[in-house]
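Working notes for the structure below.
Computed over heavy atoms, backbone and side chain alike; hydrogens, waters and symmetry mates excluded. Just so we're on the same page: letters track the sequence lines, and every chain starts at 1.
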2 protein chains.
Amino acid sequence: MSSELDTAFAALADPTRRRILTMLLEDDMAVTDVAEPFEISLAAISKHLSILTRAGLIAQEKRGRVKWCKLQPDALRAASVWMQGFGQFEPVNLEAFERFLEAELDRPAETCPPSTFPPAAQ
Amino acid sequence: MSSELDTAFAALADPTRRRILTMLLEDDMAVTDVAEPFEISLAAISKHLSILTRAGLIAQEKRGRVKWCKLQPDALRAASVWMQGFGQFEPVNLEAFERFLEAELDRPAETCPPSTFPPAAQ
DNA sequence: TTCTAAATAAACCATTTGGTTGAATAAGGG
DNA sequence: CCCTTATTCAACCAAATGGTTTATTTAGAA
């Protein structure tokens, strides 16, 4: 048995899953559409999505034969709060985050692995 | 090769490591002292500490035969910023976090697994 | 010098993770 | 009804994870 923080952080530790979350930030998506930009199999994406669901980071709702995925930031909030407790972090630069998002979404695709935010981290 | 966010979130996904971070929030500690409240072997703690070090969450400095561990929140900040980008989170209730910390540190010890913040999550 | 304490290294083990492929299930569309 | 599309299940695999125990290394204390 693992706590909500365990599953949330574990879910966030994978670049594919973080990228999925970033995509869902734009709009809700069907499983097939989520899978489209990635090179890996649909089954693999399906697994990633259930990990995100179990972590409470997204919700999936089936309408017809399509299963829609939507962001559900409850667990993300819990994790964020935990981290902010370590605090003294300077206020977030949301403009930088906007630029990051654009880069993330415009990427030639098919290449998911690296990519950090903030850009020149540390 | 994994990004800084990968290693940071992966490091945070383990309750033992999160608890170590919480302990270090109080003060810098030697490896043996970090290990003291836990049931697992010193070697296991040593591994956890190098994971935290590689993730950039702590720094270790050897003075004499004692290796001191101190919080180094750079990677934590990067991760926090990434998460706040998903934002719309209400401002953090730091008093609640204080209470959480007390509970976390006063715990009968030896029992590391569960424990979430915020307390009544979801 | 010798003993002891601090920390890591090395070898090992069970479990989990992230991926694959090939069925199976479910629900529209013609 | 049959075909196709959307999604998951099942079985499998290689690599990573979190733990163990038994050496080693290193440096202070007697």
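Between dA11(C), dT8(D), dT20(C), one nucleotide has an atom nearer to the side chain of Lys47(B) than all others, and that is dA11(C). The nucleotide whose nearest atom lies closest to any side-chain atom of Ala43(A) is, among dA6(C), dT8(D), dG19(D), dT8(D). In the set dT20(D), dT7(D), dG18(D), dT20(D) carries the atom at the smallest distance from any side-chain atom of Ser41(B). With dA6(D), dG19(C), dT8(C) as the choices, the nucleotide that has an atom nearest any side-chain atom of Thr16(A) turns out to be dG19(C). Of the candidates dA6(C), dG19(C), dG19(D), dG19(C) carries the atom nearest the Ile40(A) side chain, counting heavy atoms from C-beta on.
Nearest heavy-atom pair across Ala55(B) and Thr7(B) is CB-O, 3.6 Å. Of all non-hydrogen atoms in Gln60(B) and Cys69(B), the two that sit nearest each other are NE2-SG, 3.8 Å.
Between Ser46(A) and dT7(D) there is no side-chain polar atom (N or O) within less than 4.0 angstrom of OP1 or OP2. Neither OP1 nor OP2 of dT17(D) sits under 4.0 Å from any side-chain N or O of His48(B).
Regarding Leu42(A), its CG atom lies at a distance of 15 Å from the P atom of dG22(C), rounded to whole Å. Following rounding to the nearest Å, Arg54(A) (CZ) and dT16(C) (P) show an atom-to-atom distance of 12 Å. One atom, CD of Glu36(B), and another, P of dA5(C), lie 16 Å apart when rounded to the nearest Å. For the pair Ile58(A) CD1 and dT7(D) P, the interatomic distance rounds to 12 Å; values are reported in whole Å. Rounded to an integer number of Å, the gap from CG of Leu49(A) to C1' of dA6(D) is 13 Å. One can place CG of Asp14(B) at 18 Å from P of dA16(D), the figure rounded to the nearest angstrom. We find that CE of Met29(B) is positioned 15 Å from C1' of dA6(C), with the value rounded to whole Å. Rounding to whole angstrom units, CD1 of residue Ile45(B) and P of dA5(C) are separated by 20 Å.
If you check every strand for non-hydrogen atoms under 4.0 Å, Ile51(B) touches sugar and phosphate atoms only.
Proximity of a side-chain donor or acceptor of Arg17(A) to a complementary backbone N or O of Ala10(A) within less than 3.5 Å is detected.
Within residues 61-68 of chain B, the residues having any heavy atom closer than 4.0 Å to DNA chain D are, in order of number, Gly64(B), Arg65(B).
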